Each structure stands twice: as C-alpha cells, then as structure tokens.
2 protein chains.
Amino acid sequence: MRKQEEVINAERAMVGTNVAGRMAGEDRRNQIVHVAMRLFSERGFRGTTTKEIARAAGVSEAIIFRHFATKEELYAAILDTKSCAGNMSQLSEMFAEAVKRGDDRAVFESVALTMLQHHEEDEDFLRLLLYSALEGHELFQMFWQRNVRELADFLRSYVRERQKAGALREMEPRLVGRAFTGMILHQSLINNLFDKSRTLLDITNERAAREFTKILLYGTVSSSAPEAEVKKRNETATRKR
Amino acid sequence: MRKQEEVINAERAMVGTNVAGRMAGEDRRNQIVHVAMRLFSERGFRGTTTKEIARAAGVSEAIIFRHFATKEELYAAILDTKSCAGNMSQLSEMFAEAVKRGDDRAVFESVALTMLQHHEEDEDFLRLLLYSALEGHELFQMFWQRNVRELADFLRSYVRERQKAGALREMEPRLVGRAFTGMILHQSLINNLFDKSRTLLDITNERAAREFTKILLYGTVSSSAPEAEVKKRNETATRKR
DNA sequence: ATGTGGTAAGTAAGTGCTTACTTTTAATCA
DNA sequence: TGATTAAAAGTAAGCACTTACTTACCACAT
C-alpha cells in the first residue's frame, strides 16, 4: 500500500516534469525546489521572481506559496537537497586507503580531482555559493560549513599528521590546505564562471589536479622524508654537482 | 579661471556630500558614481535601486537620470573610476628591479602582497568583480581583463623567462601562475568575504604572501638551478644520508 | 533671460504574496 | 462496486508596494 503509493507518485513525478499534469504534493514540492535552485543560481535570490519560478515549473504562482510560506523558505529548502549531494563528509572515507598508505600524491590528487569534477558536474553549486555569500544569506554559512570547511579541516589534520611523521615540511597546516583549496577553487571559477566559453580548450581536470598536487607536494615535502619525489630530486641535484 | 573653477568645484563637492547643496555637474556625477559603486558592490546591480542611490547621494532620483541615461550607464561609469585605481598594468614596472635581479622570491612575494593589500583596501573590488561575473555583465570582461588577466600574463611570461634561464622547473607556466593567483584570491575571498568577522585573528597579509611564495617556489624551483633554497635543501638532504 | 542644477509627482510594468474559487484524488461506506 | 466526501492540488485575478524612468516645473548664478 505504502509502496504502491510511492511508485505511483514517482511515475507521476516523471510525467509531471514534462507534461505539467497534476502531481502529488511532495513531488511537486521537489520539482519546485529543483527549478528554483537552477534559477537562483543563475540570477541570485533577489534577481529571481516567484513568477519566473512558477512559470518554469509549469504551475501558477500561488501553488509555490502553498508549498513554501515565503520565497526565503523556498530558498532555504535548497540546502536540504544540495547539501546531501555535495557533502564532503565522506572525504576521509573516500580517500581512506590513500591516507592510510600515507600516499600524499594520491590523497591530494584525489581531493583535487573530486572537487574539480564536482564543480563541473554541479553547475549551480559555485554560483549558489557565491551568490549566497554576496547577498549575505544565512544559507551561505551552512554551504561553507558543509562543503568547504570540512575539506579544509580534513586537509589540515592530514597535513599535521604527515608533518608529525616527518613527511611534510613544517608549515602552518591551515595555510597549506588553504593554498591547495585556493588553486582548485580558482581553476573551477575560471572554467565554470569566468571563462566558461573556452573550457574545452583549457586544461583537463586530471591534468590540473596532477599539476597542482605537484606544486603543493614539491612545496611541502620535507627534505628529510624518504619520499620518492624527494629522492629523485636529490639524486638529480647530487648528480648535477 | 580654469583652476579657480576647479577649486570651487572641489569645495562644493566636499560640502555637497554632507549638506547636499548645489554642486557643479561633474562633481555631482562623480559623487553619484562613488555612491553607486559602494551600493552596487554591496547588493549587486539588480539588488540596488536607483532610489537608494539617490537617497545615499542626497539628491532626488531624477537627477541620477539627468547624469546617466540608464541605470546600466551608471554601472558602466564605475569602470572608468575603478580601473584606474586598480589597474595592474604597472606591475612589470613596480617589480622591475626584482625581475631584473631574477629574485623569484621577491617577485612573487611582492605580487602576492600587492594583491592581498589591494583586495583589503578596496573592499568594493572583489564584490563588484564577483557580482558582475555572476550577473553576466559585460563590465566583468573588462574588470577581468584589466585586473586579473594582466597579472596572469605577467606571471606567465615571467615564469617562462625564468624557465628558459633554467631557474624554474619545467611546468606549464599558465598553471603555475594560475595556482599562485588562486592561492592569493582564495585568501582574499576568505578574509574579505567569506569569513570577514575573524580577519584579525587570521594570518597577516605579509605572512600569507611569504608562505604562498614559499610553497610555489619550493614547488617550481628547478633542481638544477643554483638557487639558495635548493642549495639549502640539498645540503640538508645530503647530510641526512 | 538663459542655461544649469535641482525637485515633486508622476508613469507603466513589475514585486512578493493573498484571496476566492474550481478540479482532482483517494479513502470511506451503503 | 460505485456513489460520497473531505482534503489536497490547482487557478485567475488582484492586493499593496516597488521598480526604472519621465514629466513639468523651479531657483539661481552668470
């Protein structure tokens, strides 16, 4: 009975998004949130009208206010949808093996690639983040917390751990993480916002991840650590003398 | 006559911003642009109303439309004011000595510090840049061109030059510059936008510039180059063996 | 008296949000 | 099974207010 209902609703939802028939409440609600997400990311909160959202969702404006008391509430509802998909809390699990091995290159490269791909696949994400920051929405705090802060914390603790093990140079771990995040974010901004048209002519995510990791690792690997990269470098240097 | 006029106008401008007396046309125009710049940076183009600008400038809304045909035109007028102050075209001159010496550390550190300070002093700059990018204003193209692209070009050509001299590792110069710009931009974004409240508890611009430069240089210095840092690193490594 | 800097009071076209009303759906019960 | 019914999904039209932009008129220094 319960299951039947859900199946029917799901079917209706699939039809509804195209044909704009009548939908079960929750499906319609979901659809509205998704439409709103797209529009808010394109034009910001202030720049998007409830009328536009309604038209894009294929319903009258009034039903938006049946599902959400205010425009703000609709905006806030985005977070529940978005934070699940974009959540980085599984980070430490995703890269657990690399972390365990202490394979710095693999760790940083995976992190970079994951972020770059995430920013590329979810076109709305960066725009929503920036708009909410600029418009001073409380939403931003949670966006930042759940998607950036966690990454920063992960990187910081990882760097600190590896420093203790003598593998990384003694530098402020926060700044190391911030530098790396900065490289990645900047690359994403250029590809997905600032210079969108020439994305394909540019550097692939894989290459960017590799090169950024190289810069960071060359820049932070402890000279006393038995890392392959350091060994190689030292050998070269010694030979040159 | 010409000079007298300008002095009088300047006086009027200073009074006018406070007392809202009658101003010479050009002064009023300037004042409006400055007020608009602040408001546009705070709330974006769409989020700022001409009424607000008028009230903040201490005049009626109509006189804004006497000076500027449309709101867009007022927005565009910001560029003339802004691009002069924020222009980075003098970059190569500013750091000419360091460039000539081939003092990579000094070059990158100066660039970083200059950018960080610029972003801190000119609070409107980053916000205007991001808003114009998100809102898809043509303005953004010029903003980007004059303030970021030039820096990127400078860094790229500098890196390429130094690579030819054998001082820097063989890496895509574009990516090296992008990585560095990314670190700096990210730091500025955190300090001036994302986490504004705790700016003072954070890292100073000087320190950030130093550390970022360290990461980049360690990460890009050619192992065959007779750089002080490399020497030091190699000595340490050799000793450890 | 004339051009310039200025205003008060508009305009039509939105803005978020509400009201008063109609249709569809799904459970209930004769 | 099929009619009944209450809730939920939907709409058209309009609310008070705001938007960018205009018009018609004024004060005053030269």
Side-chain angles (χ1 to χ4, degrees), chain A residues 1-13 15-17 19-33 35-36 39-40 43-77 135 137, chain B residues 1-2 4-5 8-9 11-13 15-17 19-33 35-36 39-40 43-77 135 137:
Chain A
M1 177 99 177
R2 201 85 193 81
K3 277 206 174 175
Q4 266 187 3
E5 212 179 314
E6 274 169 12
V7 169
I8 290 167
N9 285 347
E11 275 172 6
R12 277 196 189 127
V15 175
T17 43
V19 185
R22 185 170 166 145
M23 269 190 199
E26 205 158 328
D27 292 331
R28 180 62 82 190
R29 197 190 133 100
N30 262 329
Q31 188 222 358
I32 292 172
V33 170
V35 167
L39 291 178
F40 281 143
R43 317 159 78 97
F45 180 76
R46 281 197 179 102
T48 307
T49 71
T50 49
K51 217 166 248 168
E52 278 173 341
I53 297 170
R55 206 164 50 98
V59 292
S60 79
E61 204 182 347
I63 91 117
I64 285 179
F65 290 98
R66 186 179 300 286
H67 287 282
F68 306 93
T70 62
K71 192 185 169 191
E72 291 264 352
E73 200 178 299
L74 168 56
Y75 190 65
E135 291 182 328
H137 252 284
Chain B
M1 177 88 180
R2 203 84 192 83
Q4 265 187 2
E5 213 178 313
I8 288 166
N9 286 348
E11 276 172 6
R12 276 196 190 128
V15 174
T17 44
V19 187
R22 185 169 165 151
M23 268 191 200
E26 203 159 327
D27 292 330
R28 178 65 81 191
R29 198 189 134 100
N30 262 326
Q31 188 221 357
I32 291 172
V33 169
V35 167
L39 290 178
F40 282 143
R43 318 159 77 99
F45 181 76
R46 281 198 179 102
T48 307
T49 69
T50 49
K51 209 172 258 172
E52 278 173 340
I53 298 170
R55 206 163 50 97
V59 292
S60 79
E61 206 181 343
I63 94 120
I64 286 179
F65 291 97
R66 187 181 297 285
H67 287 283
F68 306 93
T70 63
K71 192 185 169 190
E72 290 265 353
E73 199 179 301
L74 168 55
Y75 191 66
E135 292 180 329
H137 252 283

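Values reported hereafter were calculated over all heavy atoms of this structure, with side chains retained and with hydrogens, waters and symmetry mates removed. Nothing here was measured: the structure is a model prediction, and the numbers come from that model. Letters go in sequence order (proteins before strands), and every chain restarts at 1.
Rounded to a whole Å, the CZ atom of A:Arg55 is 11 Å from the P atom of C:dG14. We find that CD of A:Glu61 is positioned 15 Å from P of D:dG10, with the value rounded to whole Å. When the C1' atom of D:dT22 is taken as reference, atom CZ of B:Arg66 falls 11 Å away, rounded to whole Å. In this structure, B:Ile53 places its CD1 atom 17 Å from P of D:dT18, rounding to the nearest Å. Taking atom CD of A:Glu72 as the reference point, atom P of C:dC17 lies 8 Å away to the nearest angstrom. Taking atom OH of B:Tyr75 as the reference point, atom C1' of D:dA20 lies 17 Å away to the nearest angstrom. Taking atom NZ on A:Lys51 and atom P on D:dC15, their separation rounds to 13 Å, with Å as the unit. One can place NE2 of B:His67 at 6 Å from P of C:dG5, the figure rounded to the nearest angstrom.
Across all non-hydrogen atoms, the minimal contact from B:Thr48 to B:Leu39 is OG1-O, 3.2 Å. Pairing each heavy atom of B:Arg43 with each of B:Glu52, the nearest pair is NH2-OE2, 3.3 Å. Contact record, B:Lys71 with B:Phe65: N-CE2, 4.2 Å, taken as the closest heavy-atom pair.
B:Glu135 places a side-chain N or O within donor-acceptor distance of the main-chain N or O of B:Arg46, the cut-off being under 3.5 Å. Put simply, the side chain of B:Gln31 gets close to the backbone of B:Ala57: a donor and an acceptor are under 3.5 Å apart.
Here C:dT18 is the nucleotide among C:dT18, C:dG16, D:dA20 with the atom lying nearest to any side-chain atom of A:Ala62. If you check D:dT22, C:dC17, C:dT7 against the side chain of B:Val59, the one that comes closest is C:dT7. Comparing C:dT7, D:dA20, D:dT11 against the side chain of A:Ile63 picks out D:dT11 as the nearest. Ranking C:dC17, C:dT15, D:dA20 by closeness to the A:Thr49 side chain, first place goes to C:dT15.
Not one side-chain nitrogen or oxygen of A:Ser60 sits closer than 4.0 Å to the OP1 or OP2 atom of D:dG10.
The base of C:dG6 lies outside donor-acceptor range of the side chain of B:Arg28, with no N or O pair under 3.5 Å.
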